[in-house]
Amino acid sequence: MQEELIRRACAYADRHQLTLGEQLGYGLHGIVFLVENQTKPGRSAIKVHEREAPYCRERDIYLRLRERQVTQIQDCHVPWLLRNDDELWVIEMEVVTRPYVLDFAGAYLDEPPKYPAEVLSDWKAEKHEQFGEDWPKVEGILRTLESYGIYLVDVSPSNVALHR
């Protein structure tokens, strides 16, 4: 599957006169690369999704955030959607530095996930342990996202990075 993702990343880069750079991450939903513009100064990141449904979710969430002009939640940067490709399942976004909130492929839009109370309780306990004294700030970020109709469930220190 990784070969297919790299093939689509290269196709996207060719379409938009970008040079594919280093791999920034690889996860459940796809692969992220740094890209540089060949025609003007600047760099961005592209996320190539393995499946269409997570791509559509993440695309729609970034479109919602762009529509609402959201570039920051509390003190955390939110990547700005630059463009997307519905054929290649690629999202191009600005590169952000810590602190940040990113990776919305596993999030829900407009409808919160329906988890049993005990699952939700266990999830909150696990997140409280992961984030420690920062958990109240993370909860505030989640409430702000929910005010936009975005329900982030893939909450980890790599997706909600609070410290530089």
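FYI, the numbering just counts along the sequence from 1. As a basis for the values below, the full set of heavy atoms in this structure was taken, side chains included, without hydrogen atoms, waters or symmetry mates.
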Problem - Pair Gln2-Ile31, side chain to side chain contact (heavy atoms under 4.5 Å, CB included): steps then yes or no - result: CA-CA 8 Å; Gln2 191 164 2; Ile31 192 168; 3.6 Å; yes
Handout entry: Ile73 vs Leu145, side chain to side chain contact (heavy atoms under 4.5 Å, CB included): CA-CA, chis, key distance, verdict
Key = CA-CA 8 Å; Ile73 296 175; Leu145 285 167; 3.4 Å; yes
Exercise for the section: Apply the test side chain to side chain contact (heavy atoms under 4.5 Å, CB included) to residues Met93 and Tyr62: give CA-CA distance (whole Å), side-chain angles for both, the deciding distance (0.1 Å), then the verdict. Expected result: CA-CA 9 Å; Met93 66 198 97; Tyr62 276 115; 3.7 Å; yes
Handout entry: Worked check of side chain to side chain contact (heavy atoms under 4.5 Å, CB included) between Val35 and Arg43
Key = CA-CA 6 Å; Val35 293; Arg43 63 187 192 140; over 6 Å; no
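No donor-acceptor pair closer than 3.5 Å links the side chain of Glu52 to the backbone N or O of Pro54. Using modelled atom types, one side-chain atom of Glu58 and one backbone atom of Phe104 make a donor-acceptor pair closer than 3.5 Å. Side chain of Ser121 to main chain of Glu118: no donor-acceptor pair is present (N/O by atom type, distance under 3.5 Å, no hydrogens or angles).
Using a 4.5 Å heavy-atom cutoff, the side chains of Ile141 and Thr144 are not in contact. In this structure, the side chains of Pro79 and Tyr100 stay at 4.5 Å or more apart for every pair of heavy atoms. Counting heavy atoms from C-beta on, the side chains of Val32 and Gln23 never come closer than 4.5 Å. Two residues are said to be in side-chain contact when any heavy atoms from C-beta on lie closer than 4.5 Å; Arg57 and Leu109 fail this criterion. Here the side chains of Arg51 and Met1 are not in contact, with every heavy-atom distance at 4.5 Å or above. In this structure, Trp89 and Asp85 have side chains that are not in contact, with every pair of non-hydrogen atoms separated by 4.5 Å or more. Contact annotation: the side chain of Gln74 never approaches that of Val101 to less than 4.5 Å [non-hydrogen atoms, C-beta and beyond].
Residue Tyr108 is not grouped with residue Val138 when hydrophobic side chains (ILVMFWY) are merged at heavy-atom distances under 4.5 angstrom, including chains of intermediate members. If you chain together hydrophobic residues whose side chains sit under 4.5 Å apart, Val78 and Tyr148 fall into the same group. Both Tyr12 and Leu20 belong to a single network of hydrophobic side chains, linked directly or stepwise wherever heavy atoms of I, L, V, M, F, W or Y lie under 4.5 Å apart. Hydrophobic clustering (ILVMFWY, side-chain heavy atoms < 4.5 Å, transitive): Leu142 and Leu120 are in one cluster. Hydrophobic clustering places Tyr115 together with Tyr151 (ILVMFWY residues linked when any side-chain heavy atoms are closer than 4.5 Å, directly or through intermediates).
Taking a cutoff of 4.0 Å between a charged side-chain nitrogen and a carboxylate oxygen, Arg143 and Glu146 do not qualify as a salt bridge. A salt bridge does not link Glu3 with Arg7: none of the charged nitrogens is closer than 4.0 Å to a carboxylate oxygen. Between Asp86 and Arg59, at least one side-chain nitrogen of the basic residue sits less than 4.0 Å from a carboxylate oxygen of the acidic one, meeting the salt-bridge criterion. Looking at Arg83 and Glu92, a side-chain N of the basic residue comes within less than 4.0 Å of a carboxylate O on the acidic one, giving a salt bridge.
Across every non-hydrogen atom of Ala161 and Cys76, the tightest pair is O-SG, 4.3 Å. Here the shortest heavy-atom pairing between Asp103 and Lys47 reads OD1-NZ, 2.8 Å. Residue Gly149 comes nearest to Arg64 through the heavy atom pair CA-NH1, 3.9 Å, listed as atom of the first residue, atom of the second, then distance. Of all non-hydrogen atoms in Ala9 and Val48, the two that sit nearest each other are CB-CG2, 3.7 Å. When all heavy atoms are compared, the tightest approach of Val95 to Ser44 is CG2-C, 3.6 Å.
By the neighbour-count criterion of 12 heavy atoms within 6.0 Å, atom CD of Glu129 is sparsely surrounded, having that number or fewer from other residues, nucleotides or ligands. Remark: Arg68 CZ is packed, more than 12 non-hydrogen atoms of other residues, nucleotides or ligands lying under 6.0 Å away.
Results of the side-chain contact (heavy atoms from CB on, under 4.5 Å) test with Leu152 over Leu102, Val160, Asn159 single out Val160 as the only residue that passes.
With rounding to the nearest 0.5 Å, the separation of SG in Cys10 from CG in Leu88 is 11.0 Å. Between the CD atom of Gln17 and the OG1 atom of Thr39 there is a distance of 5.0 Å, given to the nearest 0.5 Å. Here the straight-line distance linking atom CD1 of Ile46 with atom NE2 of His16 works out to 9.0 Å at 0.5 Å rounding. For the atom pair Gln130 CD and Lys127 NZ, the distance stands at 3.5 Å (nearest 0.5 Å). The line from CG of Leu65 to CD1 of Ile150 is 4.0 Å long, rounded to the nearest 0.5 Å. Separation of atoms CZ (Phe33) and OH (Tyr26) is listed at 10.0 Å; rounding is to 0.5 Å.
Aromatic pair His49/Tyr55: ring centres closer than 6.0 Å.
Looking at His163 and Asp134, their side chains do bring a donor and an acceptor atom within 3.5 Å of each other. A donor-acceptor contact closer than 3.5 angstrom links the side chains of Gln38 and Thr19.
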